Amino acid sequence: MEDEGGAKESWEPKIIGFFCNWCSYAGADLAGTSRIQYPTTIRIIKVMCSGRVNPQFVLKAFQEGADGVLVSGCHPGDCHYIEGNYHARRKLTLMEDLLEFTGVDPSRFQMSWVSASEGQKFAEVVTEFTERIKKLGPQTKLSGGEG
Amino acid sequence: MTDYKALEKQIQDQARQWLESGEVKYVIGFEKGDNSPVCRPVFIYKPEDAGKLAWGPLCNNNLTKYLVEEVQIKPKKGEEPDLRPVGIVVKPCDSKTIVELMKENIVPRERVKIIGVISEGTINPKALDKALKDVPLDKIAGIQILDGGDNFTIKYDGEPLSVPKDELLNGKCKVCVVHNPVVYDIFVGDKVTQIDKDEFEDIADLEAMSDEERYEYWKEQLSKCIRCYACRDTCPLCYCEECVFDRTKPYNWNEKTVDLPENFFYHMVRAMHLAGRCVDCGGCERVCPMDIPIRKLNRFLLKRAKERFKVVPGINVEDKAMFGDYDIDDPGEGIK
Ligand code: SF4
Ligand code: SF4
Ligand code: FES
């Protein structure tokens, strides 16, 4: 495929974001309505709570060719379901460990707490993460693809 | 030093007594194999059959898998279920499995009567094959193994062999720190004193590698996997009635194709499903036809779970399930 193949420098990472409905998704929305610039690398999937994010979702995203995965929820103490983000933190921290142990670069995974009023923070997190993934290049270890 | 014959007798006597009184429905234990010194599972229903029960370092299976099947059987319509407990013979690691199964409300305590046997280590049948290479084939089924302290003495009608334990023991036994059953109705054997050791020395070399080296290691190992699912099927803690790897609707999580990404996905998800639960009974690795060191994945998560969340599975029924619980101060260093 010409437009993909010819283009090492124009390669744009694909980042999948799992964002909770109540804080982080609203934060991303705010960034949009406030016209804050952020990279177009991120495709956001809305979940009701970060606690809904099964480690399996993240691993599947990598397998389907994501170059990075970002999970974002309400700040600790602010989860609309009281404790969903604490559960998410436990599960996903351990999954990140597993990425390390299998030799898949764990820095391709990121978690963040973004509130509904933090449009600016959302943009910063995505920008920073995108820069990091750009340096790492395409993710092929779990997808088997060439990028 | 374990006197296997003495333990065997105690197991038989206890099973016989339970079966005679009708306290248990049946007893799950081990019997001698027909053409092999390796023991196999047996179900004893009659007191007069209790003498079949065998004990030795070749009782490798974790029989608690059958316990799960027993409690999951649904009675036929109109039939009165027989809810009497079943008797079961367990090694310390198998007894840890029962703790987890009770913790997760799968096996009620009253449905099981446990003959808990001490263990100073079991023998890997593949390693035994190697050690017996000079023993005539027709003699192998009849060998007798004695615990000689630092070595096993293998007797047959020829010159007895003495093999260092290190050459024969299962990997899990070399790093095991629980040599006494943790839950039991009857304790069989003399309490073993545990020597302090680094229980995770077996994964230290992998941990010391770079990401790239580790990936190459797992790539080589996991590309061997034929996805026969024996590792899942044998695991007593994989008890879901419908497994995510079998489900194809509404979403097919894992293609049946055997290729590297699918294999990675299978093994990483499996490891996550067992995180904080796997008691390192070694079942999965024992049955793998491709000799994949599956336990290393489990053990790495076991180690991290202990370091990060102070979770040690299989010890205390009162403990909460790791992923059913959290601590406000759980670490989350990398979170932005
Ligand atoms: S038993 Fe071995 S070959 Fe079979 S699915 Fe498990 S790891 Fe793969
Ligand atoms: S994952 Fe393997 S070692 Fe762990 S409990 Fe299951 S069968 Fe035993
Ligand atoms: S609702 Fe936002 S993390 Fe639970």
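In this text, all values refer to a predicted model and were calculated from it rather than measured experimentally. Every chain is numbered from 1 and lettered A, B, ... according to where its sequence line falls, protein lines coming before strand lines. These numbers come from the heavy atoms of this one structure, side chains and all, not from hydrogens, waters or symmetry mates.
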Just how far is it from atom OG1 of A/Thr140 to atom OH of B/Tyr215, taken to the nearest 0.5 Å? 6.0 Å

Is B/Leu297 close to A/Phe101 at the side-chain level, that is, under 4.5 Å between some pair of heavy atoms? yes

Spell out, as yes or no, whether a donor-acceptor pair under 3.5 Å connects the side chain of A/Arg89 to the backbone of B/Ile328. yes

With a cut-off of 6.0 Å (strictly less than), are more than 12 heavy atoms of other residues, nucleotides or ligands near NZ of B/Lys219? no

As an exercise, state the distance from CD of B/Glu216 to NZ of A/Lys141, rounded to the nearest 0.5 Å. 8.0 Å

Does B/Lys197, at its NZ atom, have more than 12 non-hydrogen atoms belonging to other residues, nucleotides or ligands within less than 6.0 Å? yes

Greatest number of non-hydrogen atom pairs under 4.5 angstrom with chain B, of A/Thr93, A/Leu92, A/Asp97, A/Val114, falls to A/Asp97

Can you tell me which of B/Leu222, B/Asp211, B/Asp330, B/Val269 forms the most heavy-atom pairs within a distance under 4.5 Å of chain A? B/Asp330

Looking only at B/Phe300, B/Trp218, B/Phe264, the option with the highest number of non-hydrogen pairs under 4.5 Å against chain A is B/Phe300

Would you mind checking which part of B/Glu213 comes under 4.5 Å of any heavy atom in chain A, side chain (CB onward), backbone (N, CA, C, O), both or neither? neither

Most heavy-atom pairs under 4.5 angstrom with chain A, which of B/Glu262, B/Met209, B/Glu207? B/Glu262

With only heavy atoms counted, which part of B/His273 is less than 4.5 Å from chain A, the side chain, the backbone, both or neither? side chain

Looking only at heavy atoms, the pair that brings B/Met322 and A/Leu94 closest together is CE-CD2, 3.4 Å

On a heavy-atom basis, which atom in A/Arg90 and which in B/Val311 lie closest, and how many Å separate them? NH1-CG2, 4.4 Å

Do side-chain atoms of A/Gln56 reach the backbone of B/Phe265 as a donor and acceptor pair under 3.5 angstrom? no

Bottom line for A/Pro76: the part with an atom under 4.5 Å from chain B's heavy atoms is neither

Rounded distance [0.5 Å steps], CG in B/Asp325 versus OH in A/Tyr86: 13.0 Å

Atom CZ of residue position B/Arg308 - does it have more than 12 heavy atoms of other residues, nucleotides or ligands inside 6.0 Å? yes

What do you reckon, is NZ of B/Lys310 surrounded by more than 12 foreign heavy atoms closer than 6.0 Å? no

Taking atom CD of A/Gln63 and atom CG of B/Leu260, what is their separation to the nearest 0.5 Å? 10.0 Å

Given A/Asp105, A/Leu98, A/Val104, the one with more heavy-atom pairs under 4.5 angstrom with chain B than any other is A/Leu98

So, do B/Arg214 and A/Glu100 sit near enough that their side-chain heavy atoms are less than 4.5 Å apart? yes

Does any backbone or side-chain atom of A/Glu128 lie under 4.5 Å from a heavy atom of chain B? Answer side chain, backbone, both or neither. side chain

Supply the atom-to-atom distance A/Leu142 CG to B/Asn263 CG, rounded to the nearest 0.5 angstrom. 12.0 Å

If you look at every heavy atom in A/Lys91 and B/Met272, which pair is closest and at what distance? O-CE, 3.6 Å

Do B/Tyr251 and A/Lys60 come within less than 4.5 Å of each other through their side chains, counting heavy atoms only? yes

